[in-house]
Visitor: 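Let me begin by handing over the structure; questions about it come next.
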Amino acid sequence: MKALVSIITVNYNGLRDTCEMIDSFRSRETYPRYEIIVVDNGSRLPEAEEIQERYRDNPVPGGSLSGSPVSFPPVKVVRNINNGFAGGNNAGLKAAAGDYLFFINNDTLIKEPVLDALVRRIESDSPRNGGVSPMLKFAARPDTLQYAGFTPWSPVTLRNSAIGFMQQDSPRFRIPRETASLHGAAMMVSRRALQDAGTMSEVYFLFYEELDWSAQLRKAGYRLWYEPAAVVYHKEGMTARRGSPTREFYLSRARMLFARRNLRGIGKYLSCAYLCILAAPKKAAVYLLHGQVALAKATICGTCEGIYKNIRTA
């Protein structure tokens, strides 16, 4: 019997996207055993009730791939407060029964089955493989890659890059490889790895949660993979608008928190000094030169909160 996969997604004022994601799995996914858990993170409208009602009778728009009638278990809906990306996903974990946990953004969709390829990648060496992310493409530009793995972090500046980002899909990106980090838009983790590494830290609220969690999984001795046989399409940027003070605040905050939580010894102090004395002031100065005072303030305030935030509480 195939292992059960729990698909966990967080909804926050995103009913249309969430339903499109669910419908894509119900019409395209052929893996025989999976459940879908939607965590509503305190949406302004009663979206939790709408999702629960919409999928109570198991509708499958357009039918299955084979065209035959398909019966699905009802979508599980978890009502939660808005405690961020990690908090929402951790709330979904409490309702999940799966041997594998597939965390996926609500602003994604699939066009072909993905679960079997991801499960097979972990099970190809299950004692050592802890997690896997699929190839990610932009939904608006389906021939363009968002993610084909991550490079390792530089030790002081904490810079890395997404392999294949904004490049055309080609054979060189269709080779499975180990990756330094999973991608938060779509990542599968085994129950065993979760138990060994712990859940995602809720200290971040937005950004870097999956990068921090990837670091914890690797510290627990697990390998992380990029699997191009599975492709997820990402609409991107529906939670915090690019170029917004909110986004800049939480990004600046998260960088500092990540350095404090994941670096050791002199490397941690060098990285924190770099972020505080060089990187954040330089970025704020550039914003000021362009008249973007709110973004400059958000950069400095986020960095400062990252310095003083208690990292032992989550």
Side-chain angles (χ1 to χ4, degrees), residues 1-9 21 24-25 28-37 65 89 92-93 96-105 108-137 145-153 160-165 167 169-200 209-234:
M1 180 182 293
K2 290 278 191 179
L4 176 65
V5 175
S6 295
I7 300 171
I8 300 172
T9 193
M21 186 275 291
S24 75
F25 271 91
R28 298 296 177 185
E29 184 53 64
T30 58
Y31 190 82
R33 298 189 68 219
Y34 71 90
E35 61 178 2
I36 297 177
I37 299 164
L65 283 174
N89 280 303
L93 275 175
D99 303 293
Y100 297 101
L101 301 313
F102 187 38
F103 301 90
I104 186 166
N105 278 17
T108 60
L109 52 87
I110 63 170
K111 299 180 181 181
E112 295 179 346
V114 298
L115 296 181
D116 188 64
L118 297 174
V119 170
R120 282 190 286 108
R121 173 53 56 193
I122 295 180
E123 291 184 344
S124 65
D125 189 356
S126 55
R128 299 173 63 198
N129 295 343
V132 58
S133 279
M135 175 186 285
L136 283 163
K137 294 183 175 182
L145 297 179
Q146 181 184 21
Y147 169 88
F150 275 127
T151 61
W153 293 94
N160 78 329
S161 61
I163 298 169
F165 182 72
Q167 297 184 45
D169 187 12
S170 68
R172 66 192 177 102
F173 296 121
R174 298 176 196 155
I175 302 171
R177 62 169 66 92
E178 279 195 66
T179 177
S181 303
L182 302 176
H183 197 293
M187 54 184 178
M188 180 180 286
V189 174
S190 69
R191 175 76 65 175
R192 177 179 176 177
L194 169 71
Q195 291 169 343
D196 288 341
T199 59
M200 276 183 270
E209 297 98 333
E210 75 277 17
L211 304 176
D212 183 281
W213 201 27
S214 294
Q216 305 312 312
L217 287 163
R218 291 173 68 87
K219 287 177 186 176
Y222 289 98
R223 298 193 302 179
L224 307 177
W225 283 86
Y226 157 69
E227 178 50 72
V231 181
V232 169
Y233 297 83
H234 190 197

Visitor: Under the side chain to side chain contact (heavy atoms under 4.5 Å, CB included) test against Tyr100, which residue among Leu4, Ile122, Leu115, Leu194 passes?
Guide: Ile122

Visitor: To the nearest 0.5 Å, what is the distance between CE (Met200) and CZ (Phe103)?
Guide: 4.5 Å

Visitor: Rounded to the nearest 0.5 Å, how far does CG of Leu93 lie from CD1 of Ile37?
Guide: 8.0 Å

Visitor: When you measure from the side chain of Glu227 to the backbone N and O of Pro176, does any donor-acceptor pair fall under 3.5 Å?
Guide: no

Visitor: Which atom names give the shortest non-hydrogen contact between Ser124 and Asn129, and what distance separates them?
Guide: OG-ND2, 3.3 Å

Visitor: Asn89 and Glu209: side-chain contact (heavy atoms from CB on, under 4.5 Å), yes or no, with the steps?
Guide: CA-CA 11 Å; Asn89 280 303; Glu209 297 98 333; over 6 Å; no

Visitor: What is the minimum heavy-atom distance between Gln146 and Phe165, and which atoms define it?
Guide: O-CD1, 3.4 Å

Visitor: Does Arg191 reach the main-chain N or O of Gly98 with its side chain, forming a donor-acceptor pair under 3.5 Å?
Guide: yes

Visitor: Mind telling me whether His183 and Tyr147 have parallel, tilted or perpendicular rings, with 30° and 60° as the class edges?
Guide: perpendicular

Visitor: Quick one: which of Ser181, Ser161, Ser133, Ser214 gives a side chain to side chain contact (heavy atoms under 4.5 Å, CB included) with Phe150?
Guide: Ser181

Visitor: For Arg28 and Lys111, which heavy atoms make the closest approach, and how far apart are they?
Guide: CD-O, 3.5 Å

Visitor: Measuring from Leu109:CG to His234:NE2, what's the distance to the nearest 0.5 Å?
Guide: 10.0 Å

Visitor: So, taking the atom named OH in Tyr34 and the one named CD in Glu29, what distance separates them when rounded to the nearest 0.5 Å?
Guide: 6.0 Å

Visitor: Out of curiosity, Ile7 CD1 to Met21 CE, how far, rounded to the nearest 0.5 Å?
Guide: 7.0 Å

Visitor: Can you give me the closest heavy-atom contact between Thr108 and Ala185, atom names plus distance?
Guide: CG2-O, 4.1 Å

Visitor: Could you pull out the closest heavy-atom pair between Ala3 and Glu123, with the gap in Å?
Guide: CB-OE2, 4.3 Å

Visitor: Would the distance check show the side chain of Thr179 and the main-chain N or O of Leu224 forming a donor-acceptor pair, the cut-off being under 3.5 Å?
Guide: no

Visitor: Among Arg223, Arg121, Arg128, exactly one meets salt bridge (Lys or Arg N to Asp or Glu O under 4.0 Å) together with Glu178. Which residue is that?
Guide: Arg223

Visitor: Quick one, Val231 with Lys137, criterion side-chain contact (heavy atoms from CB on, under 4.5 Å). Give me CA distance, side-chain angles, the key distance, then yes/no.
Guide: CA-CA 7 Å; Val231 181; Lys137 294 183 175 182; 4.0 Å; yes

Visitor: side-chain contact (heavy atoms from CB on, under 4.5 Å) for Ile163 and Tyr226? Distances and angles first, verdict last.
Guide: CA-CA 10 Å; Ile163 298 169; Tyr226 157 69; over 6 Å; no

Visitor: Short question: side chain of Arg177, backbone of Ala148 - any donor-acceptor pair under 3.5 Å?
Guide: yes

Visitor: Main chain of Ala97, side chain of Glu35: is a donor-acceptor contact present, judged purely on distance under 3.5 Å?
Guide: yes

Visitor: Which distance, rounded to the nearest 0.5 Å, do you find between the CE of Met187 and the CG of Leu101?
Guide: 10.0 Å

Visitor: Cation-pi check for Tyr31 against Lys2: NZ or CZ below 6.0 Å from the six-membered ring centre and within 45 degrees of the axis, yes or no?
Guide: no

Visitor: State whether a side-chain donor-acceptor pair under 3.5 Å links Asp116 with Thr30.
Guide: no

Visitor: For Val232 and Val114, work out which heavy atoms get closest and say how close.
Guide: CG2-CG1, 4.5 Å

Visitor: Which one of Ile8, Val189, Leu118 satisfies the side chain to side chain contact (heavy atoms under 4.5 Å, CB included) criterion with Phe102?
Guide: Leu118

